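Following: one structure in structure tokens, then a few remarks.
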Amino acid sequence: MFELAGLNPAQKEAVTTWEGPLLVLAGAGTGKTRVITYRIVELIRRGISPERILSVTFTNKAAREMKERTTSLLKKKISKQPSISTFHAFCVRILREDISNLGYPQSFSIADRGDQESLARQALRDIKLGDKAMQPGDLISNISRWKMKAVAPQQARHMAESDLEFLAALAYRKYQSLLKASGSVDFDDLLVLTLDLFRNHPQLLSKHQNRFDRVQIDEYQDTNNAQFEIVQHLVEQSQNLCVVGDDDQAIYAWRGAEVTHILNFQQHYPNAKVIRLEENYRCTRQILDLANELMKHNITRHEKTLWSKKTSEKDVRFLAYSDEQIEAENVVGEIKYLTEIEKVRPSDIAVLFRTNEQPRIFESEFRRQEVCYVLLGGQSFFNRREVRDMLAYLKVFANPFDQNSLLRIVNYPPRGIGASSVEKLLKRSVGGKKRIFDVATAARDQNEISAKTYSSLMAFRGLIDVYRQKITKQPQNLSAYFAQFLEEIHYEHEISRQYKSPDQQQIRKEMMQEFLQTISQYQARSHHPSIRDFLQETALTGRDDEFAHDSPVEESAVRLMTYHSAKGLEFPLVYMVGMEEGLLPHRRAVEESEKSIDEERRLAYVGMTRAMESLTLTRAESRTKWGKRRPTIPSRFLFEIRGEEDIDSTDNRPDLLAEFR
DNA sequence: AAGGAGGGTTTTTTT
DNA sequence: AACCCTCCTT
């Protein structure tokens, strides 16, 4: 037990409280990951069989690190492993076993964001609700909200209070039927279907209840209703639930997370014990004081007093530059100096921002000044056209009924299967229930498509089948076969043909190479590689940063990421850039409500409390957006942090804000 | 069917 | 500035 010697009394208590419900209110930097990890280790030492322990983390990265940490703490090798995974990955495991009870195929695939978007687009088109009235993204978030509240498409239609809502409900139905017809589930379905299983199949529920008798949930403040209920079902009998979180770091309300779950834990679990961790080991007092000051402006929260023993001579810095170009130049310039002259480790430095558009200018500045950087999180890689194409090909290989993906690539690169022919085939496919290949002969016989188109289509089907078979037979050659396939369809050639500028060509070919590399990396580490498994992994975890810390390049690279992706991480030096009204707090939050401002404030708090030694907040006095340069207003948070009036003149704030919109 | 020109729209955050 | 859609010509 001597490892526990390093823990403070509160931490020790949290680690050794094993029976019954436990709520650990752990402020930023108070060692909550440590507590969870030690709990797992102690439980195993106490004789609880590892596979009976379930620990749910928020990100894949956290799960990975927790696994590594537990194995190294245990010293002895154990034959069975505790279940440490994200919520979604946990649900996938359950569904792989039992989803057939819900009328889905055992081998369902997971629709990623790109799939969701094209399904939504198609649904909106079919409902004749143009992109003008509702963006695919809006439809997706509506659908997500419905699903989290367990509202079926039919119900949604009856509940609609406006025409737009009614049409959205129709689109929801269309979306869901297209999704199901392709044998896929989306992210929300993973939770909703698991809950469905638990609610309506008692014998399956008790199977899973008996499987786990210790359950831990990290970042509990960010659980949504479905997750909350799943957990409730799971621990119904044992009540051995430990949740850890911090209401001040709740930043996922927009995704359906409910802070009330952590705030009302004691009502939900009347026997709950509550332990507070309030000593911060991460930040210097200078940083922590300002962060606490900021949070005083949020009214509805658990009062807590975070304190730190760490001090430093360095103060938190507030810097303003004339525009975003100068801001980037200076921040990168300073980082260059720090890493090259002061020999600061680049991976100890993080640049944090609110939106995914912000890092662009920093990226080119890092490249120009030749400082190694890495852009973490974000789905930008998977939004690239080339990557989406290649994913679509893989999906067609993996799932012949994935019509959505097939449509994306059936004529790309162009092979003589035009839009109007596809349109006619689609009409015959009965809403995706039949494949376009299967209705092609009939369409040709009735002269709906030309003989030429027909033969291209059949040749394409043949090619797909050949490669599908090759890959199925020898999945260990996945990446080689796929590269060969791309060669055969002249994909790279198509890039050169389509993009005139050498710059564009190079970037796009690099994307293609990078994707191929992602496949080889997957193949190298997987014991039983398969397309389906690869796709599942990419859908659940995005691009694999998994081996980030192994690779020497990334080890020596400055970190760039959003506040959301920085959650749970820490860095000796942190730069928060673009501290302006409209960016942080984001414009949409400002337009919405006071509540959304509170969440933006928590976002700023999360950002500040990532910093261990040094924190710098910068802003640009003017910024170019949509091709227009506009003056900006300092973020209100800058004032709140330092006590209202401190900062430069703010007389014209309301007018400028109007102009910003 | 293919390719190009032109016009309009877009950017919150992600498992 | 990047992307998508639509329309027009070949």
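This one's a predicted model, so the numbers in the text were calculated from it and none came from an experiment. Throughout, a chain's letter reflects where its sequence line sits, starting with A, and its residues are numbered from 1.
- Here C/dC4 presents its P atom at 11 Å from CD of A/Q498, a figure rounded to the nearest Å.
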Contacts under 3.5 Å, N or O only, protein and nucleotides 2-6 of chain B:
residue	atom	partner	partner atom	Å
B/dA2	OP1	A/G416	N	2.7
B/dA2	OP2	A/N411	ND2	2.8
B/dG3	OP1	A/R497	NH1	2.8

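- The side chain of A/N356 sits closest to B/dT13 out of B/dT13, B/dA1, B/dT15.
- Each of A/T57 and A/T453 has a nearest nucleotide on DNA chain B; the 5'-most of these lies closest to A/T453.
- The side chain of A/S421 approaches B/dA1 more closely than any other nucleotide in the set C/dA2, B/dT14, B/dA1.
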Compile the donor-acceptor pairs under 3.5 Å between side chains in residues 85-93 of chain A and protein atoms, sequence neighbours left out, one pair per line.
residue	atom	partner	partner atom	Å
A/T86	OG1	A/A89	N	3.1
A/R93	NH1	A/S83	OG	3.2

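- In the set C/dA2, B/dT15, B/dT13, the nucleotide with an atom closest to the side chain of A/T562 is B/dT13.
- Nucleic acid contact class of A/R508 (heavy atoms, under 4.0 Å, all strands): sugar-phosphate only.
- With centres under 5.5 Å and a plane angle under 30°, the ring of A/F187 is stacked against the base of B/dT15.
- Residue A/S450 has no polar side-chain atom (N or O) positioned under 4.0 Å from OP1 or OP2 of B/dA1.
- A salt bridge links A/R623 to A/E327: at least one charged side-chain nitrogen sits closer than 4.0 Å to a carboxylate oxygen.
- As rounded to whole Å, 11 Å separates atom P of C/dC4 from atom CZ of A/R384.
- The side chain of A/R113 sits closest to B/dT14 out of B/dT15, B/dT14, B/dT13.
- The CD atom of A/E117 sits 12 Å away from the C1' atom of B/dT10 (whole-angstrom rounding).
- Among the atoms of the strands shown, none is found under 4.0 Å from any heavy atom of A/F87.
- Of the residues near DNA chain B, A/V422 and A/A539, the one whose nearest nucleotide (by heavy atom distance) lies more toward the 5' end is A/V422.
- Comparing atom distances between the A/H586 side chain and each of B/dT14, B/dT15, B/dT11 picks out B/dT11 as nearest.
- Contact annotation: the side chain of A/P413 approaches that of A/R415 to within less than 4.5 Å [non-hydrogen atoms, C-beta and beyond].
- Scanning for ring-ring contact (aromatic ring centres under 6.0 Å, His included) contacts around A/F362 gives an empty result, with sequence neighbours left out.
- Partners of A/Y605 according to the ring-ring contact (aromatic ring centres under 6.0 Å, His included) rule, which considers only residues two or more places apart in sequence or in another chain, do not exist here.
- Considering only side-chain atoms of A/H88, the nucleotide from B/dT11, B/dA1, B/dT15 that sits closest is B/dT15.
- Contact annotation for A/R360: backbone-only contact, meaning every heavy-atom pair under 4.0 Å involves sugar-phosphate atoms and none involves a base.
- For A/R121, taking side-chain heavy atoms from C-beta onward, the closest of the listed nucleotides B/dA1, C/dC5, B/dT15 is C/dC5.
- For A/T86, whose side chain is taken as the heavy atoms from C-beta onward, the closest listed nucleotide among B/dT15, B/dT13, C/dC3 is B/dT15.
- Rounded to a whole Å, the CG atom of A/D138 is 13 Å from the C1' atom of B/dT9.
- Scored by the side-chain hydrogen bond (donor to acceptor under 3.5 Å, both in side chains) test, A/S456 finds no partners at all (sequence neighbours excluded).
- Not one side-chain nitrogen or oxygen of A/S565 sits closer than 4.0 Å to the OP1 or OP2 atom of B/dT13.
- Heavy-atom contacts from other residues, nucleotides or ligands closer than 6.0 Å to CZ of A/R96 number more than 12.
- Note: CZ (A/R587) to P (B/dT10) measures 11 Å, nearest angstrom.
- The side-chain ring of A/Y563 is not stacked on the base of B/dT13, judged by centre separation under 5.5 angstrom and plane angle under 30 degrees.
- Taking A/H233 as the reference, nothing meets the ring-ring contact (aromatic ring centres under 6.0 Å, His included) condition, with sequence neighbours excluded.
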